[in-house]
Amino acid sequence: MDLSFRIAGEAGQGIQTIGELLVKTFSKMGLFVFSHQDYMSRIRGGNNFYQIRISERPIHSSQRSIDLLLALNMESIPLHRAHVKPKGMVLWDSSRSEEGQGEGSLGIPILRMARELGGEILGNIVATGALLGMLGFELEPFLEVVKGSFSEKGKEIAEKNERAAYAGYEYARRECLTCSFEVCSPKGEEKRLLGGNEAIGMGAVLSGVRFYSAYPMTPSTGILNYLASKAEEFGIIVEQAEDEIAAINMVIGASYGGVRAMTGSSGGGFALMVEGLSLSAATETPIVIAEVQRPGPATGLPTRTEQADLLFVLFAAHGEFPRVLFAPGSPEQALYLTNKAFHMSERYQVPAFILSDQYLADSLWTWPGIDEGKILYRDYRIREADGTYKRHRFTQDGVSPLAIPGIVEGLVVTDSDEHDEEGHITESAEIRKRMVEKRLMKLLHMREEMEGPTYLGHRSPKIVLVGWGSTLGVLMDTVETVNKKIPCGMLHFSEIWPFPVSKAQKAFEVLKGAIGIGVENNATGQFAWLLRAEAQIELPWKISKYDGRPFYSDELSEEVLAYARSI
Amino acid sequence: MDLSFRIAGEAGQGIQTIGELLVKTFSKMGLFVFSHQDYMSRIRGGNNFYQIRISERPIHSSQRSIDLLLALNMESIPLHRAHVKPKGMVLWDSSRSEEGQGEGSLGIPILRMARELGGEILGNIVATGALLGMLGFELEPFLEVVKGSFSEKGKEIAEKNERAAYAGYEYARRECLTCSFEVCSPKGEEKRLLGGNEAIGMGAVLSGVRFYSAYPMTPSTGILNYLASKAEEFGIIVEQAEDEIAAINMVIGASYGGVRAMTGSSGGGFALMVEGLSLSAATETPIVIAEVQRPGPATGLPTRTEQADLLFVLFAAHGEFPRVLFAPGSPEQALYLTNKAFHMSERYQVPAFILSDQYLADSLWTWPGIDEGKILYRDYRIREADGTYKRHRFTQDGVSPLAIPGIVEGLVVTDSDEHDEEGHITESAEIRKRMVEKRLMKLLHMREEMEGPTYLGHRSPKIVLVGWGSTLGVLMDTVETVNKKIPCGMLHFSEIWPFPVSKAQKAFEVLKGAIGIGVENNATGQFAWLLRAEAQIELPWKISKYDGRPFYSDELSEEVLAYARSI
Amino acid sequence: MQDPYNPAWCPGCGNFQIREALLMAMEKKGLRPNQIAIVSGIGQGAKMPHYISCNTFNGLHGRSLPVATALKAVNHKLVVIAEAGDGDIYGEGGNHLIHAMRRNPDISLFVHNNQIYGLTKGQASPTSVRDLKTKTQPFGLLSEPLNPLLLGVAMNASFVGRGFSGDVERLSELMVQAMDHKGFALLDILQPCVTFNRVNTFAWYKKRVYYLEDHDPFDRRSAFERAMEWGERIPLGVIYKAKRPTFEEGIPFLLKGPLVEQGFDLERVKEALLGKKEGPGG
Amino acid sequence: MQDPYNPAWCPGCGNFQIREALLMAMEKKGLRPNQIAIVSGIGQGAKMPHYISCNTFNGLHGRSLPVATALKAVNHKLVVIAEAGDGDIYGEGGNHLIHAMRRNPDISLFVHNNQIYGLTKGQASPTSVRDLKTKTQPFGLLSEPLNPLLLGVAMNASFVGRGFSGDVERLSELMVQAMDHKGFALLDILQPCVTFNRVNTFAWYKKRVYYLEDHDPFDRRSAFERAMEWGERIPLGVIYKAKRPTFEEGIPFLLKGPLVEQGFDLERVKEALLGKKEGPGG
Ligand SMILES: Cc1ncc(C[n+]2csc(CCOP(=O)(O)OP(=O)(O)O)c2C)c(N)n1
Ligand SMILES: Cc1ncc(C[n+]2csc(CCOP(=O)(O)OP(=O)(O)O)c2C)c(N)n1
Ligand code: SF4
Ligand code: SF4
Ligand SMILES: [Mg+2]
Ligand SMILES: [Mg+2]
C-alpha cells in the first residue's frame, strides 16, 4: 500500500488541523507516514495544501501524484485535479456548489452536516471522517485521536466531535460507490512522528540549551515555538529579540556567561546576524545557529522552500575562522546533528550551523524514537580557575580553557578586537599571527569528527544521485524507483563543513564509472561547486529545482530516467 | 636612485603631515613616489609610521629596509632601527634625550629649534627640512610646497614656516658628516599622486554618483570624506547614516529614485549590509559598494590590512543572484574599476563591488593622470514610459527597462518578495522560475565584459606569482627583483566576478610548466580556492601574510627566491 | 497574479479600512498615481502598496524609512509615504525611526499598529500589552509596551498623531494632514487584528478612543500629557507638531529642483575634477 | 601588550576621569574584580574595561546591550555594566537601547557622551549640535541632536541620570546609584573630547552643569521638564526613576538561583522529554 492524499483549501480553513488529525490517526494504526506542507504567505484566503503519504513500509518523501484530494473549497479542485491519479478521487464539499464535479469525485455536504451537528467548526472532523471512510479504513483509531484531542474541552464537545467523525465516515462509506482503494489492515505498533523544526528543538533541549533568542521568521519560527513550550519545564530562557542582531548578540552574551545558547532564523534574518557571527568567532564563544532556508533573494517566497544559502552560510562574515555546518536530511538527522552541533561548538569554541529548509521544517516523518546512546554530552566549561587564568591561552590544539565569569576566581576577558592570550586588545603583528593560527588550527581536529556521505542503492550503479540536506528522503525513494529500471544509487551529505574531503573522495572512488548527477533545490548547483573546490570532484550533470517547491520522488524518478535514456 | 624613508612616532605627532609634505615635495621634483601608512587604532600615543619610497623610475610598493628613519620620539628608534640599512641613517630629535644614538644617526634638536623659531608646531617643518638636507636634495621645491600649504594662513605664518624649513635643512647639511645618500637631480615634470580611497571617490564622481551614504568605518572613511568634500560642487547628497543597514537601504532608495548611488564600509560594516544586498538583487536596483578590507574577524585590527573578505563578499546574502566584483591593484585601477562598477551595475541592474583594503586605501602612487577615453558613461535610466510599463518585464537578456518613478507616466513597482513582471508580489511557481532565470541570465553577458588577468615578467617563466587586488604593486616590484636571478612572472587579477573563466584558463595555459605561487594577504588562500572551483586551476604553492601588515617587495622577493632555491 | 482589489488580508481586518482611508486621502489631495510613491517593509500592513495604484517599493522588514528618506531626497516632487507594521517599525526598524525623526525628511509614516505580529502568526510586538502570553512568550511578555507618541514627542518629531482604522473618514483627514505637513509625520494607526489580537479588539479600541479638541499640538508639555494617556481613554488626532527645517531643505543644491532632474554633464565634471591637479588626500 | 594603566586615550580626555570614577564606585560598592563584568562596544569610551580589572566582554560597535542583558539573565549574581559611546549606543545601537529600556534588565549603562565620534576621527554623532560641519557633514549636520534623557523618560526607563566627567566624586556617586538601582539604569556622562569636539569643551560643560536638588525622580512630569533642559543650564543627577519589575524577575526558574549554577541533568531531560510520546508539532 502506498497512498497519497492532499488536503487543499484557503488559509484559515483548518487544513493543518485536518492534516495533523490524519497523520496522528495513521500513526496510531501503525502505518508509516510522510507529510509536508505547501502554504502561502498569508493568514486567510489563497490556496494551501497539506500532503500525506502512508504505507506499511518506510517512506521518505512526497509524490506529485495523489490518490485522494480533499478540496475544502471549490477553487482547489481545478488547481489540484491534474495531480489526482486516474483511479484517484476528489472529495469535495457539496454544500459549497450546486454543480457536480463529474467522475472520480465524491461530493459531501460537509458544512451543512457540520452545522446540523452543532456548528461549522465540526466541518474538519466531518471531512476527515469522510476521507477515512472513502479509503475504507476502520474508524476506531480516528475516534481515539478525536477523543484525545478534545477531552480537555469537556465531554459535550468531545462527543459532538465524535458524532461528526462518525457522520462523515458513514456518509462516505455509503455514497462512494466508485471508491476502490486497496488498503491493508495495518498491524504494526503505534508509530511516532517527528517534524523538522521540532527535531531541532528537541536536539537542543537534549544538548542542554539554556538560552534561545530569536526574532520570528518563517519557516524557522517552529523552533522558537517548540523551545518556548519547553522553557519552563527545562529552565530555558527563551526571549524574542527586537531584531536578529540583538538575538545573536544575546546568544553570545549568554554563552559567554556560561550556558549553552542558540538562535535560529531564515536567510534574511541570518543576513543580519553576520557581524555577530564574526563576534562569536573572534571571541571564540560557542553558539549554535539554525538557518532554515526559504527562497530568496530578499523576502523571496517566505513560506516556501529552497537550498540556496549553502555558500552564503559557509563564507558569511569577514575575516577567517573555523565553523561547523550540518545539513540534516530528515527530522531524525536534525535531532542528532543539532546535538552534534552543540557538541562541536562547545568543544572547539566555534559557531555551528544547522542548515535546514522549509520543506524539512514542515515535514513529518515516522521515526523509531531516540537512540539514547547517540546523544553526545560533555561539559567543556571551566568552573575553577585562579588568577592566572587566560581566556585565550595558546594551546597545542588551539582550544583554550573556557571559564565562566564570576564563577571562577580568575577574570574572563575577551575582545572582538584582536587580543592577546589574556583577551586584551593588541596591535602586535606577532600575536596577531599566532592568534590566527590558533583559531584555524582547530579545523584539523574538527574535520576528523565529520562523517562522510551516506551511500544507498545498487552495488555497481550506472547513475549516482548526489545531494545534501533536506533531499535525503526524496533521493532514497527515487533510487528505489529508478533502480527497478537501471542500476542507481545515491550519495547524501549531511555533514558539510569542515568538508570531509578524504571521506568524500573515498566514497566517490568506489563509484568510479557511474555518472554523478547533482540534485539540488537551487538554481546554481552550490553543492556541486563546493565538491569541485574542496575535493576536485566533478559532477557531469545536474537536476535543479528553484520554483520554491520541493522535489517529489515520482517526478524526480521520471527526470532521472529520462536523463538515463538520453545518454 | 631608490630610497625609502620611514617617519615614525606617536599618533598625533604629525606623522601624516610630514609624510604628505614630503610626497608633495618629491612629486614636485618630478620623482616617482610610493607611500603607505601603518597606524594604530588610537588618536594619540602608540607608534605609527608613514613610509615613502622615491625613485626616478616607476615604483609600486614599499620595502621593508629603509634608508632613513625619522624618529619623532625616542621609542621609535628601537622599534624601527632594525629595518634601517647598514648605510642608512636615523634622524632623531635630540631635544628629547641627552643620550646619543651612536653611529648612523643624527640628532637634531627639533623641538627646541621649533620653539625658538616660533612654536612647537613648526617642529614638523624643521624635521622635514632636516630630512631633505640629509638626503642632499635642493630645498627649493619644499619651500614652494610650504608656501602653497600656508599661504592661506597669512604672510607671517608662511614666513615662519619657511624659516623653519630652512633652519632644519641647514642644520642637517652642516652636521651630517656621514650622510652619503646618492640622489639624482630629478629633471622630470612635476608628478601627480593618487591615493586608494581618493581614487574610488574620483571614480564615483566621474561616473555620476549623486548619492553616497555610509557609516564611518576605518579604512573606508576616506571615501566618505572625499565625496563629502565634493558634495556641493558636484551636487552629490552625502549622508552619514545611523548605521550600515540604513546606509545601504538609503542607497537603494536613491537608486530606485533614479540616481546613481553608492555606499562604502569595511568588512564588519558590510556584514550589516548583507540583507540590503539581497534587496538590491531582488528589486534589481543598481548599487555600488566599496568594501575596504581590514583584518577580522569582528573588530579585528581596525587600522590594518588584509585580503580576507573575498569569499564573504562573493557569496554574501541569501538566495541566488548575479553580482560584480572588482579588486583593484592600484589607485589608478581603483579609479577605472569604480567607473566600470557603476557601468556594469547600471547596465545589468545588479550590485557591484569594489574590494579594496587598508594598504591600498592609504597608499599613494605616482600616476600619469586620467585617460579620459577610459571613462565609461551611458545613462540607462528610462525617462519616458506609458501606463503599460512593467518594471520587471521578461526580456531576452534578462535586463528590464529601468524607469524613474514620478518622471515616467507608468508606475514603477518593485518588491523584495518574489514578484511578477509588474513588480507585484506573487506565489506562482511558474513566475518564480522565470524570474530566477531572468536574473541569472544576465551573468552570461556580464562575464563577457570581464577582463582576464594581467601578465608581467619573463617570457618563459619558471615561477609565476599569482595575486589579486592590492598586491599588484608588490608583485610587480618583486618580479623585477626575482627576475634578475630566475625567470619569473606574475599574473594579477583585478576583475574577479563573474569570474572570467576562459580568459583565466587561457592565461594559465601559456604558463604551463611554470610553478604557480599564490600570494595572498590572508591565511587560507581564498583566491587560490576560487581559482580551483571556477577554473580547475591548482596552484602548487602559496605565500600568505596575515599579521595585519602588507607585503614588502624586498621581503617577498627573498621568500620567493628561498622557495625557488628549495625546489 | 495579484489582483489589486483582492488583498491578502483576513475578512474583518482593520487594514481594509486603512486602505480605504488612504485612497480617500489621495483623492482629497488630488494626486495622480505616479505622483505618489509608497515604500513599505514586510508584514500584513506593509502589503498595502500592492493594493493601491502607485509607485511602489516594497522593501525589507523594518527598513522602509531609509529607503523613503533617500527617495524623497533625490526626487522631492514625489509624495513619499512609508507604510509599516508595529513590529516592522518599532521593533526591527526602531533605530531608523529614531533617526528619521532627527533628520525630518518630508515623508509620512503610517503605522498599522495592531499590537501584534500578524504575518508571522501572533507573536508579541513592541506595542503588545505586558504579560501577554503567546507561543513565543512562554513567561508572558516581559517588556513594557513602547508608546510611539511619547517617543515621537521626546524625539521632537515634527508631526505626531494617532488615528483609528475604525473611523475611515477622520483617518483619511489625519492622513491628509500628515501629507500636508512639511517634514516627517508619524501617524500611528490603531488597527484591530481579528485573527491574532484578542485583547485589543475593535470593540476595545472603539470604547476608548476620542478625538482631541482644543489641544495645541505646538505645546510640547501638553503633548506629553496627551501622549501619556493610554488605557481607559485613548486620544486620537494630532498630538504634537514642531517647526523644523526638513532634511531636503538642508541640502543646498536641491533648491535648483529635484536631484533626479538635474542631469549629469560628464564633460563638465571631468573639467572641474581633473582640470586642476589633485594633491594627496584629494 | 596593553598596560592597564596606560590607556589609549589622548592626554586631557574626559575618559580618564570616568575611569577614576568607576574605580571609585567599585571600591565604594566593595566589589571584587571577578564579581563585575563590563560589556562594551567599540569606540574610545568602550575601551574602558581593558583599563579596569574585571570580567570583560568587549564586543561589537553598538551591540553591548543585548550581550549584557543575556549575561545578566544567565548569571544574575554578576554586576553587569555596559560602557558605550554616544555613537555606539544612540547611533549604531539605538534599537537595542530602546528595547533594553522596555525589558528593564538589572544592568547599568554608562554612556561616554562626547557628542562626537572619537575613534573614527571626528564625525558628528547623534548628540552633536545641529549644523556641525565636519569632514563627513559637508552641509553641516542636518539632524537634530537626540536627547538621551528625554528618550529615557519617554520610554519609561526605570533609571535615567546624567553625570559629568569633570566631577569624579559625584560621578562615582551616580554610578553607585545606578548600580544599586534594581533595573536598567541609563547614565549619560558628559565627557569632553579634547581632540575632536571644539564645541562642547570642558569649559563649555563646566559653565552650564548644575546638580538637581529637590527633584523627585519619580515625578514623571517634572522629569520631562528637567530632561528638556539643555543649553544655558544642564542638570546633572538622577532625572527619572520608575518602579518596574526587572527582566530577570519575570523568568520564573531564576528564583532557584543563577541559571549558570543550575546544572544540566541529561538523564532527567531524556526522561522528561522522551518518556512520553511526542505528537506532531511537539
Ligand atoms: C529580517 C526579517 N526578519 C523577520 C521577518 C519575518 N517577519 C515578516 S513580517 C514580521 C512581523 C509582522 O508584524 P508587524 O510588523 O507588526 O506587521 P503585521 O503583520 O502585524 O501587519 C516578521 C517578523 C522578515 N521578513 N525579515
Ligand atoms: C559596525 C561598525 N561600524 C563602524 C565601526 C567604526 N567605528 C568604531 S568606533 C565608532 C564611533 C565612535 O564614536 P562613539 O561611539 O561616540 O565613541 P567615542 O570614540 O567617541 O568614544 C565607529 C563608527 C565599527 N567598529 N563597527
Ligand atoms: S492576521 Fe491580523 S493583521 Fe493580518 S490580515 Fe489577518 S486580521 Fe489583519
Ligand atoms: S579622541 Fe577624544 S574621546 Fe578619544 S581619547 Fe582623544 S579626547 Fe578622548
Ligand atoms: Mg503588527
Ligand atoms: Mg563619542
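Proteins get letters first, then strands, A, B, ... in listed order; numbering begins at 1 in each.
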Which one, D/G59, D/A37, D/P258, leads in non-hydrogen pairs under 4.5 Å with chain A? D/G59
Residues A/S416 and D/I42: closest non-hydrogen pair is OG-CD1, 3.6 Å
Residue pair A/F234 / D/V269, side-chain heavy-atom distance below 4.5 Å: yes
I'd like to verify something: which residue of A/D379, A/I252, A/I370 has the highest number of heavy-atom pairs under 4.5 Å with chain D? A/I370
If you draw a 6.0 Å radius around CD in A/E144, do more than 12 non-hydrogen atoms from other residues or ligands fall strictly inside? yes
Any side-chain heavy atom of D/N34 within less than 4.5 Å of one from A/P405? no
Honestly, the part of A/A261 sitting under 4.5 Å from a heavy atom of chain D is neither
Per-residue tally against chain D (heavy atom, under 4.5 Å) across A/E409, A/R260, A/E242, A/M250 peaks at A/E242
Just wondering, more than 12 heavy atoms not from A/R434 lying within 6.0 Å of its CZ? no
Can you tell if the side chain of D/S53 reaches within under 4.5 Å of the side chain of A/L411, non-hydrogen atoms only? yes
Just by modelled atom types, is the D/G263 backbone N or O under 3.5 Å from a matching donor or acceptor in the A/R210 side chain? yes
With rounding to the nearest 0.5 Å, note down the distance linking CD in A/E233 to CZ in D/R268. 7.0 Å
Pick one of side chain, backbone, both or neither for A/T285, based on which atoms fall under 4.5 Å of a heavy atom in chain D. side chain
Rounded to the nearest 0.5 angstrom, the CD-CD1 distance for D/E267 and A/I375 is 10.5 Å
Which bit of D/F253 is near chain A, if near means a heavy-atom gap under 4.5 Å: side chain, backbone, both or neither? side chain
Is there a side-chain contact between D/T56 and A/D415 in this structure, where contact means two heavy atoms from C-beta onward sitting under 4.5 Å apart? no
Engaged part of A/T283 at the chain D interface, taking heavy atoms whose separation is under 4.5 Å: side chain
Whatever's closer than 4.5 Å to a heavy atom in chain D on A/V238 counts as neither
Of the backbone (N, CA, C, O) and the side chain (C-beta and beyond), which part of A/L206 lies under 4.5 Å from a heavy atom of chain D, both, or neither? both
side-chain contact (heavy atoms from CB on, under 4.5 Å) between D/H96 and A/N249, worked out: CA-CA 10 Å; D/H96 310 308; A/N249 278 279; 5.7 Å; no
Which of the residues D/D265, D/N95, D/L78 is involved in the greatest number of heavy-atom pairs with chain A at under 4.5 angstrom? D/N95
Step by step, work out the salt bridge (Lys or Arg N to Asp or Glu O under 4.0 Å) result for D/E261 and A/R383. CA-CA 10 Å; D/E261 291 178 8; A/R383 282 157 215 279; over 6 Å; no
Could you measure the distance from the OH atom of D/Y51 to the NE2 atom of A/H424? Nearest 0.5 Å is fine. 10.0 Å
Quick check on D/K77 against chain A: is it the side chain, the backbone, both or neither that has a heavy atom closer than 4.5 Å? neither
Heavy atoms of D/P66 and A/A246 approach each other most closely as CB-O, 3.6 Å
Looking at D/T69, D/N55, D/L71, which makes the most heavy-atom pairs under 4.5 Å with chain A? D/N55
Chain D shares the most heavy-atom pairs under 4.5 Å, among A/G423, A/G257, A/G258, with A/G257
Separation between CG of D/L266 and OG of A/S207, rounded to the nearest 0.5 Å: 8.5 Å
With a 4.5 angstrom heavy-atom cut-off, is it the side chain or the backbone of A/I404 that approaches chain D, or both, or neither? side chain
Do D/R63 and A/L279 make a side-chain contact, defined as non-hydrogen atoms from C-beta onward lying under 4.5 Å apart? no
D/K121, NZ atom: more than 12 neighbouring heavy atoms under 6.0 Å: no
So which atom in A/A254 and which in D/A70 form the shortest heavy-atom distance, rounded to 0.1 Å? N-CB, 3.6 Å
Closest contact, heavy atoms only, A/Q240 versus D/R103: O-NH2, 3.4 Å
Give the member of D/G62, D/G93, D/C54, D/A68 that has the highest number of heavy-atom pairs under 4.5 Å with chain A. D/C54
Do the side chain of D/N58 and the main chain of A/D417 share a donor and acceptor less than 3.5 angstrom apart? no
Just so I know, are the side chains of D/F57 and A/V412 near enough to count as touching, which here means a heavy-atom distance under 4.5 Å? no
Where does D/P252 contact chain A at under 4.5 Å (heavy atoms): side chain, backbone, both or neither? side chain
For chain D, which of A/I245, A/I407, A/I248 has the most heavy-atom pairs under 4.5 Å? A/I245
Could you check whether D/H99 and A/D243, counting side-chain N and O atoms only, form a donor-acceptor pair closer than 3.5 Å? no
Engaged part of A/L21 at the chain D interface, taking heavy atoms whose separation is under 4.5 Å: neither
